[in-house]
Number of protein chains: 4
Amino acid sequence: MITVTTGDSRPIFRQIIDAIRVKIAGGELAPGDKLPSVRSLAMQLTVNTNTVAKAYAELTAEGLIESRAGVGVFVSPPRRRLSDEERERRLAEAVDHFVGAVATLGFEPEDIVARLSAVLDDLLVHHR
Amino acid sequence: MITVTTGDSRPIFRQIIDAIRVKIAGGELAPGDKLPSVRSLAMQLTVNTNTVAKAYAELTAEGLIESRAGVGVFVSPPRRRLSDEERERRLAEAVDHFVGAVATLGFEPEDIVARLSAVLDDLLVHHR
Amino acid sequence: MITVTTGDSRPIFRQIIDAIRVKIAGGELAPGDKLPSVRSLAMQLTVNTNTVAKAYAELTAEGLIESRAGVGVFVSPPRRRLSDEERERRLAEAVDHFVGAVATLGFEPEDIVARLSAVLDDLLVHHR
Amino acid sequence: MITVTTGDSRPIFRQIIDAIRVKIAGGELAPGDKLPSVRSLAMQLTVNTNTVAKAYAELTAEGLIESRAGVGVFVSPPRRRLSDEERERRLAEAVDHFVGAVATLGFEPEDIVARLSAVLDDLLVHHR
DNA sequence: GTGGTCTAGACCACG
DNA sequence: GTGGTCTAGACCACT
């Protein structure tokens, strides 16, 4: 089940993208699985169909899902789409953004790392 | 020295905010230190003065810096301007964004955590 | 100057994407060059601004251009974004599609190759 | 043997059209040869019969195949059903699509041409 | 003025 | 019924 929050700083379509990415990474959505249709997800989230379609389009461009016209949207078999440099660049950027966001919140580094580690392990390790 | 890059997905004013936050958290900017004026920083970064002013405004609202009329802008003494709920909310949001961004990059959880841990420790622990 | 044709089987936004890709590959658009604004290109092509924005968004996702909010859209410095496998896969797919489209048109293979070669050389070699 | 793949950007009916075109151009399907019935091909590919029927309809319109009532579908004797203008238009469009798709993949023009040349020669020259 | 997001609604292509 | 494209128009964020 995907949820969107208006309080989140990310736009709706990006919240959808991130949520589905996490489900795929965690194995909750496996290759071949069918995603909810654009219209049904839009209704469930009470957003416009175009907003869901935009999220699905980006996930398709990333090679994570594929849509079969008239049939629906499905999780793709995994493939390495990005170069190592690009993957590295994106990780570095994500780290930079994260550090910039939490640097002055007053949490201990160990607490932050523990928090993140728990979430990541739960998602990715659980999958293996 | 702060730098802004066009390749970054964050808007310029946010890059400035994050960079100053990190400098403060890491001790590179200590309480009482003087920051460059809005105008001079804008000139140095070759961005609009409004952009720098916007960044300084948010940092002021967070209680990280304060401007003394006619004198300049200075790093504030450490204090908690944000409520615990707000701090928690921001951390949770940052974790969500980060996980959504790196979930499908294909890195091992340990590698991601190690990477982040190194950056955080370098910044925050070094400071204490 | 970019043009779109209603007779083309590609949707408008894809025609725009392909045209800009070719201009970038051919060096007609160099890194740092400014592209026409979303609104002005939309007006010139007499299409909706969303259509142009969609094309620009995909080119941004491909790393070919970057947009600076409030300033405009610019050609990015080149970087290798895709893995070798993905580049190879895309070339193979393009070749398959092309061959499927021209196989029974009755042209001689040499003529087809010569035609394509001329276009490619004009674009890519001219650039070096 | 024809195969369809979900990873391909073309709709299924177009994949079928292209595959049969290539087989005819390459001589693997010669004039007079019998094609599988709409139903049997649909069953073999596990696609809707409408999809195969649509592909056969377009191939018939192009004069490449013909159905003899109650007997089956057969490869037509070679003839030019398309006007020179239409053939030229299709070639030009195919070239445009191809160039747009590969322009920014980072391959050398010679490599692209060599690749395409090999496939075309293998198909068409071998046939003569 | 620039790009980004979202909505509403229409029409088409596909299966 | 499914996704894809396009339009029109609004509102927001950024500079």
Side-chain angles (χ1 to χ4, degrees), chain A residues 4 6 9-16 34-42 45-61 65-74, chain B residues 4 6 9-17 42 45-55 58, chain C residues 4 6 9-17 34-43 45-61 65-74, chain D residues 4 6 9-16 42 45-55:
Chain A
V4 295
T6 56
S9 66
R10 290 171 295 181
I12 298 172
F13 83 96
R14 181 142 296 285
Q15 293 184 46
I16 297 173
K34 192 175 188 304
L35 284 97
S37 79
V38 170
R39 288 163 171 83
S40 69
L41 185 55
L45 301 176
T46 57
V47 300
N48 192 276
T49 55
N50 289 336
T51 305
V52 176
K54 187 175 182 175
Y56 278 12
E58 180 155 333
L59 290 166
T60 302
I65 66 177
E66 18 184 83
S67 64
R68 305 175 202 160
V71 184
V73 180
F74 301 84
Chain B
V4 295
T6 61
S9 64
R10 290 170 298 182
I12 295 175
F13 87 96
R14 180 141 299 284
Q15 292 184 45
I16 296 172
I17 290 171
L45 300 176
T46 58
V47 301
N48 195 298
T49 55
N50 293 334
T51 307
V52 177
K54 186 171 186 174
E58 178 155 337
Chain C
V4 295
T6 56
S9 65
R10 290 170 296 180
I12 297 171
F13 84 96
R14 182 142 296 284
Q15 293 182 46
I16 297 172
I17 289 170
K34 192 174 187 304
L35 285 104
S37 79
V38 169
R39 289 164 170 82
S40 70
L41 183 55
M43 191 170 315
L45 301 176
T46 56
V47 300
N48 193 276
T49 54
N50 288 337
T51 305
V52 175
K54 186 175 184 176
Y56 278 12
E58 180 153 334
L59 290 165
T60 302
I65 66 177
E66 28 188 68
S67 64
R68 306 176 202 158
V71 185
V73 180
F74 301 83
Chain D
V4 295
T6 61
S9 64
R10 290 170 297 181
I12 295 175
F13 87 95
R14 181 141 298 284
Q15 292 184 45
I16 297 172
L45 300 176
T46 59
V47 301
N48 195 298
T49 54
N50 292 335
T51 307
V52 177
K54 187 171 184 173

A.B. asks: In this structure, how many angstroms lie between the P atom of E/dC14 and the CZ atom of A/F74, rounded?
C.D. replies: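 Rounded to whole Å, this separation is 17 Å.
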A.B. asks: Quick check: closest heavy atoms across C/S67 and C/V73, and the distance to 0.1 Å?
C.D. replies: CB-CG2, 4.0 Å
A.B. asks: Pick the nucleotide of DNA chain E nearest each of C/G72 and C/A53; which residue has the one closer to the 5' end?
C.D. replies: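 Comparing both residues, the 5'-ward one is C/G72.
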A.B. asks: Tell me: CG of A/L35 to P of F/dT2, nearest whole Å?
C.D. replies: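 Answer to the nearest Å: 13 Å.
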A.B. asks: Whole angstroms only, please: what is the CD-P distance between A/E66 and F/dT2?
C.D. replies: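 Result: 19 Å.
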A.B. asks: Each nucleotide in nucleotides 7-15 of chain F should get exactly one letter: B, S or -. Can you fill that in based on protein heavy atoms under 4.0 Å?
C.D. replies: BBB----BS
A.B. asks: Identify, with sequence neighbours excluded, every residue that meets side-chain hydrogen bond (donor to acceptor under 3.5 Å, both in side chains) alongside C/T60.
C.D. replies: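 Not a single residue meets the side-chain hydrogen bond (donor to acceptor under 3.5 Å, both in side chains) criterion with C/T60.
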A.B. asks: Checking C/R68 now: which residues fulfil salt bridge (charged side-chain N to carboxylate O under 4.0 Å, His left out) with it, not counting sequence neighbours?
C.D. replies: none
A.B. asks: Could you check how far OH of C/Y56 sits from P of E/dT2, rounded to whole Å?
C.D. replies: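 Atom-to-atom, C/Y56 to E/dT2, this comes out as 11 Å.
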A.B. asks: Determine the minimum heavy-atom distance between A/F13 and A/T51, stating which atoms define it.
C.D. replies: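 For A/F13 and A/T51, the tightest heavy-atom pair comes out as CB-O, 3.8 Å.
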A.B. asks: A/R14: which residues meet the side-chain hydrogen bond (donor to acceptor under 3.5 Å, both in side chains) condition with it, sequence neighbours left out?
C.D. replies: A/E58
A.B. asks: When Watson-Crick pairs (N1 to N3 and N6-O4 or O6-N4) and G-U wobble pairs (N1-O2 and O6-N3) count only below 3.5 Å on both distances, what is the dot-bracket string of DNA chain F, with | for other-strand pairs?
C.D. replies: ||||||||||||||.
A.B. asks: State which residues pass side-chain contact (heavy atoms from CB on, under 4.5 Å) with B/N50; sequence neighbours excluded, sorted by chain then number.
C.D. replies: B/N48
A.B. asks: Examine E/dG4: is either OP1 or OP2 under 4.0 Å from a nitrogen or oxygen in the side chain of C/S67? Give yes or no.
C.D. replies: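 Checking C/S67 against E/dG4: at least one side-chain N or O falls below 4.0 Å of OP1 or OP2.
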A.B. asks: For A/E66, which residues count as a salt bridge (charged side-chain N to carboxylate O under 4.0 Å, His left out) partner, sequence neighbours excluded?
C.D. replies: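 A/E66: no salt bridge (charged side-chain N to carboxylate O under 4.0 Å, His left out) contacts found.
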A.B. asks: Please state how far atom CD1 in D/I16 lies from atom C1' in E/dG15, giving the value in whole angstrom units.
C.D. replies: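 It is 11 Å, rounded to the nearest whole Å.
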A.B. asks: With sequence neighbours left out, write down each residue that passes side-chain contact (heavy atoms from CB on, under 4.5 Å) with A/R39, or none if nothing qualifies.
C.D. replies: A/S37, A/T49
